[in-house]
2 protein chains.
Amino acid sequence: MAETKERDSATTESSTGEISLGKYLASIRKDRKLSLRAVEERTKKQVSNAYLSQIENDQIKQPSPNTLNALAELYEISLEKLMVKAGYITPSSKRKSGERHGRVATFAEHNLTPEEEQELMDYLEFMRSRKK
Amino acid sequence: MAETKERDSATTESSTGEISLGKYLASIRKDRKLSLRAVEERTKKQVSNAYLSQIENDQIKQPSPNTLNALAELYEISLEKLMVKAGYITPSSKRKSGERHGRVATFAEHNLTPEEEQELMDYLEFMRSRKK
DNA sequence: ATAGCGCGCTTGATATATCAAGCACCTTCT
DNA sequence: AGAAGGTGCTTGATATATCAAGCGCGCTAT
């Protein structure tokens, strides 16, 4: 009675006021014009079509980092963004809404690709939100 | 070709040739002079004493990132190191083409603490090892 | 029409993470 | 001595992730 779990979320506007993990992943997959089974193959069976379907319909609460990573790589999106949406990261000290923060050009000294740079920045936020 | 799931014993020298996750965590806890229940309390129940015991005895294969993070923070060790030991990160291609990294002093522009810097560097390796 | 294929989806089964409750043992007290 | 409390540990119960197998539907083709 204390807490009913099901007040979720067809449209979960949790931390950043964004859509749910499932809807987000679904929209991206469609953008990439991939079928569920295509994703299954391209991820070398790391994510089955059945499972992806459940994820996209928000029937899975917290896919493992491995799963999220496989999808992030295939779709070429930020792993940490998925980690946030999956609830691994507490949205405590999140940035002000919708604000793009400064760049980290100095990361270039490590031959970071733009994606790596973005991921590192996301990860920094991740760490700091946890530190709270 | 399949990797048989081996549940070998106490001294698992996997990725970095180090001890298993459980033994590693146990040694650190003792170093910090904390009891299982003390850890339970200090992590605000994020890790129960029963569960920690299982982890330390390698009865748990892959604790969640949340759990690992709680321990990493309490012990003040690298989360990514635990992620490696937990098997979230494949220790395959550490060297892509004789690549080695230097320091990342420039991270200081983001007011990184030494720990954050270390974690970011670990995480960079994490990303790159994942990238194939 | 019908055979086939691709699509998203459902479901049963299995593996595993996680914890509350308890147990056996060991130190101090009084 | 016994109570009280600390220690690591075990276990039964519960929740959840994950997949193989299958379903029904819409397309093309014959």
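The chains referred to below are lettered A, B, ... by the order of the sequence lines, with proteins before strands, and numbering in each begins at 1.
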| request: Please state how far atom NZ in B/Lys45 lies from atom C1' in C/dC19, giving the value in whole angstrom units. | output: 10 Å
| said: Whether B/Arg29 and B/Glu56 form a salt bridge (side-chain N of Lys/Arg under 4.0 Å from carboxylate O of Asp/Glu) is what I want to check. | reply: yes
| request: Using a 4.0 Å heavy-atom cut-off, write out nucleotides 6-13 of chain C from 5' to 3' as B (base contacted by protein), S (sugar-phosphate only) or - (no contact). | output: -BBBBB--
| task | Determine, step by step, whether B/Tyr88 and A/Asn69 satisfy the side chain to side chain contact (heavy atoms under 4.5 Å, CB included) criterion, reporting the C-alpha distance in whole Å, the side-chain angles of both residues, the deciding distance to 0.1 Å, and the verdict. | result | CA-CA 10 Å; B/Tyr88 283 116; A/Asn69 182 70; over 6 Å; no
| task | Return the value, rounded to whole Å, for the distance between atom CD of B/Gln46 and atom P of C/dA20. | result | 13 Å
| field | Interatomic distance where CG belongs to B/Leu21 and P belongs to C/dA17 [whole Å] | value | 11 Å
| field | Distance, nearest 0.5 Å, that separates OG of A/Ser35 from CG of A/Leu52 | value | 9.5 Å
| query | Taking atom CZ of A/Arg42 and atom CG of A/Leu74, what is their separation to the nearest 0.5 Å? | reply | 6.0 Å
| query | Nearest-Å distance, CG (B/Asp58) to P (D/dC9)? | reply | 12 Å
| message | How close do B/Asn49 and B/Glu40 get, counting heavy atoms only, and between which atoms? | response | N-OE1, 2.6 Å
| task | Send over the distance from B/Leu52 CG to D/dT7 P, rounded to a whole Å. | result | 13 Å
| request: Might you confirm whether atom CD of B/Gln59 has over 12 heavy atoms from other residues, nucleotides or ligands at distances under 6.0 Å? | output: yes
| remark: Atom CD of B/Glu40 and atom P of C/dA21 are separated, to the nearest Å, by 12 Å
| query | Rounded to whole angstroms, how far apart are CD1 on B/Ile60 and C1' on D/dG8? | reply | 16 Å
| query | Whole-Å distance between D/dT16 P and A/Leu68 CG? | reply | 17 Å
